[in-house]
Amino acid sequence: MQQLTITRPDDWHLHLRDGAGMPHVLAHTAEHFGRAIIMPNLTPPVTTLEAALAYRQRILSALPEGNQFQPLMTLYLTESMAPDEIDRAVDSGAIFAAKLYPAGATTNSAAGVKDIKSIYPVLERMQAKGLVLCVHGEVVDADIDIFDREPVFVERTLSTLVRDFPGLRIVAEHITTLEAAQFVEAGPATLAATITPQHLLYNRNQLLVGGVKPHFYCLPILKRESHRQELLRVATSGSNKFFLGTDSAPHPQHLKENACGCAGCYSAHAALELYAEAFDAVGALDKLEAFASHNGPDFYQLPRNSDTVTLMRGETAVPETYPFGEHVVTPLRAGETVAWRYGDAN
């Protein structure tokens with residue numbers, strides 16, 4: 001197959017940051033995606049409707065002229081959040097999910113949740129109001145190996161949430177292990193998962209062999225090849241429980257290439273092309289449209305996009321860096337090529 005035209009995709013897990021760098025990374029996503037679930041882990045975090053609406057307006061103001069991209073806003077769950085905040089959020093029509101960060105699990109998660117039971121009243125209200133729960137699925141216990149944080153979370157916490165809130169729609173974000181993939185696959189229709197391009201394309205060798213490569217460092221961390229293969233299997237299986245979520249997470253280059261480098265891979269510049277590579281590698285390009293363009297809006301109970309995008313086989317060179325405010329960001333596949341490019345249908 002030399003050319004592939006699909007319904008315009010959406011990104012169901014995206015970091016745009018804020019301030020001077022945001023317009024640069026927003027432009028990459030807005031060029032090819034119709035909508036995106038916008039992560040709320042700013043500093044300070046987006047914990048109220050007012051903060052989310054203000055952030056949404058800054059995003060809309062930063063869009064290229066004439067672009068119709070829609071930011072789908074989320075709230076950052078804290079142990080002090082009142083259930084009434086969920087009512088206000090849903091009634092606004094601008095909030096599409098709330099995000100559970102275990103405290104200390106990833107970038108700007110210090111204000112997250114330490115005791116899952118403390119937010120049960122909020123989760124009950126979310127279940128009643130139909131608001132989706134997005135979950136960063138890792139435990140943060142010091143005695144748990146970093147490569148085991150996701151399976152332990154699935155066993156201890158995610159399984160409990162699914163049991164205790166049978167009507168709550170839950171997205172296990174950026175899953176990385178066979179345990180998570182198989183749990184979601186076997187779970188109820190209220191449970192789904194997003195998968196990133198880096199976890200479909202790479203394993204932990206890319207991060208660690210031949211020296212530590214900071215631009216492959218993300219959380220959850222890259223895992224063994226057996227896990228990558230299982231992620232590929234479920235992503236290309238045709239199951240409607242898995243869909244596109246890049247977790248594209250820009251950090252200034254000097255903070256990634258650092259003695260304590262930030263976690264996050266920047267993939268928005270070539271996200272769909274990278275997914276196409278992964279699906280093409282296992283002969284499953286015919287499954288890409290459902291994964292990228294259908295399953296996400298169906299789960300979120302939103303209409304699918306009505307227009308299309310076209311990918312064409314052909315190498316695209318990726319620059320070493322992109323502008324990011326007064327700094328630069330190093331993209332995934334920097335200085336190399338991607339095997340697909342955008343083009344017009346013939």
Side-chain angles (χ1 to χ4, degrees), residues 1-14 32-37 97 132 134-135 137 150 154 158-159 162 169-203 220 223-247 267 270-313 338-340 345:
M1 185 183 295
Q2 298 301 310
Q3 181 175 294
L4 179 66
T5 297
I6 65 172
T7 303
R8 184 176 296 277
D10 302 300
D11 188 345
W12 299 97
H13 184 151
L14 179 68
H32 301 303
F33 289 85
R35 298 165 291 199
I37 286 284
V132 172
C134 294
V135 177
E150 182 175 282
V154 169
L158 185 57
S159 61
V162 171
R169 283 176 290 152
I170 301 173
V171 177
E173 296 191 308
H174 48 45
I175 62 169
T176 65
T177 60
L178 61 86
E179 290 89 351
Q182 292 171 5
F183 181 80
V184 171
E185 186 176 41
T190 52
L191 179 64
T194 57
I195 308 177
T196 75
Q198 64 264 26
H199 290 107
L200 290 176
L201 288 167
Y202 303 116
N203 62 42
K223 303 298 196 300
R224 290 181 180 272
E225 177 65 9
S226 56
H227 294 290
R228 187 185 77 87
Q229 290 293 336
E230 185 67 1
L231 296 178
L232 269 173
R233 183 189 69 79
V234 297
T236 62
S237 67
S239 169
N240 65 0
K241 296 169 70 66
F242 302 93
F243 42 89
L244 186 156
T246 64
D247 192 23
S267 60
L272 191 59
E273 299 97 309
L274 290 166
Y275 281 111
E277 276 195 11
F279 277 63
D280 192 24
V282 292
L285 281 174
D286 60 315
K287 300 296 196 302
L288 180 60
E289 183 174 37
F291 176 85
S293 310
H294 296 169
N295 298 344
D298 291 354
F299 186 82
Y300 274 84
Q301 300 176 359
L302 294 170
R304 298 174 182 178
N305 294 318
S306 58
D307 57 338
T308 62
V309 297
T310 296
L311 287 174
M312 303 182 71
R313 194 181 298 276
V338 183
W340 290 84

[X] and [Y]: which non-hydrogen atoms are nearest, and at how many Å?
X: Phe243; Y: Ala192; value: CE2-CB, 3.5 Å
X: Glu273; Y: Trp340; value: CG-O, 3.5 Å
X: Ala235; Y: Leu200; value: CB-CD2, 4.1 Å
X: His227; Y: Leu178; value: ND1-N, 2.9 Å
X: Gly187; Y: Lys241; value: O-NZ, 3.4 Å
X: Leu232; Y: Ala278; value: CD2-O, 3.7 Å

Is any side-chain heavy atom of [X] less than 4.5 Å from a side-chain heavy atom of [Y]?
X: Leu272; Y: Leu244; value: yes
X: Phe242; Y: Leu231; value: no
X: Asp247; Y: Glu173; value: no
X: Leu14; Y: Phe33; value: no
X: Val162; Y: Pro188; value: yes
X: Thr190; Y: Ile170; value: no
X: Ser293; Y: Asn305; value: no
X: Pro220; Y: His174; value: yes

*Among side-chain atoms of Lys223 and Thr176, is any donor-acceptor pair under 3.5 angstrom?*
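Looking only at side-chain atoms, Thr176 and Lys223 do form a donor-acceptor pair, the distance falling under 3.5 Å.
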
Atom [atom1] in [X], atom [atom2] in [Y]: separation rounded to 0.5 Å?
X: Leu4; Y: Arg313; atom1: CG; atom2: CZ; answer: 9.5 Å
X: Phe291; Y: Thr194; atom1: CZ; atom2: OG1; answer: 8.0 Å
X: Ser267; Y: Gln198; atom1: OG; atom2: CD; answer: 5.5 Å
X: Glu185; Y: Leu191; atom1: CD; atom2: CG; answer: 11.5 Å
X: Leu311; Y: Leu288; atom1: CG; atom2: CG; answer: 7.0 Å
X: Asn203; Y: Glu225; atom1: CG; atom2: CD; answer: 5.0 Å

*asked:* Going by the rule side chain to side chain donor-acceptor pair (under 3.5 Å), which residues pair with Arg8 if we only count those two or more places apart in sequence or in a different chain?
replied: Asp307

_The single option from Thr308, Thr7, Thr5 passing side-chain hydrogen bond (donor to acceptor under 3.5 Å, both in side chains) against Glu289_ = Thr7

*Within residues 296-306 or reaching into it, pairs that qualify as salt bridge (Lys or Arg N to Asp or Glu O under 4.0 Å) - sequence neighbours excluded*: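 Residue pairs with at least one partner in residues 296-306: Asp298-Arg304.
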
Could you pull out all residues at least two apart from [X] that satisfy salt bridge (Lys or Arg N to Asp or Glu O under 4.0 Å)?
X: Glu230; result: Arg233
X: Asp10; result: Arg35
X: Asp286; result: none
X: Glu150; result: none

_For a side-chain hydrogen bond (donor to acceptor under 3.5 Å, both in side chains) check, start with the C-alpha distance between Thr236 and Lys287, then their side-chain angles and the critical distance, and finish with the verdict._
CA-CA 6 Å; Thr236 62; Lys287 300 296 196 302; over 6 Å; no

*Are Phe299 and Trp12 near enough that their ring centres are under 6.0 Å apart?*
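Ring centres of Trp12 and Phe299 not closer than 6.0 Å.
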
*Using the side-chain contact (heavy atoms from CB on, under 4.5 Å) rule, take Val132 and Ile37 through it: C-alpha gap first, then chi angles, then the decisive distance, then the call.*
CA-CA 11 Å; Val132 172; Ile37 286 284; over 6 Å; no

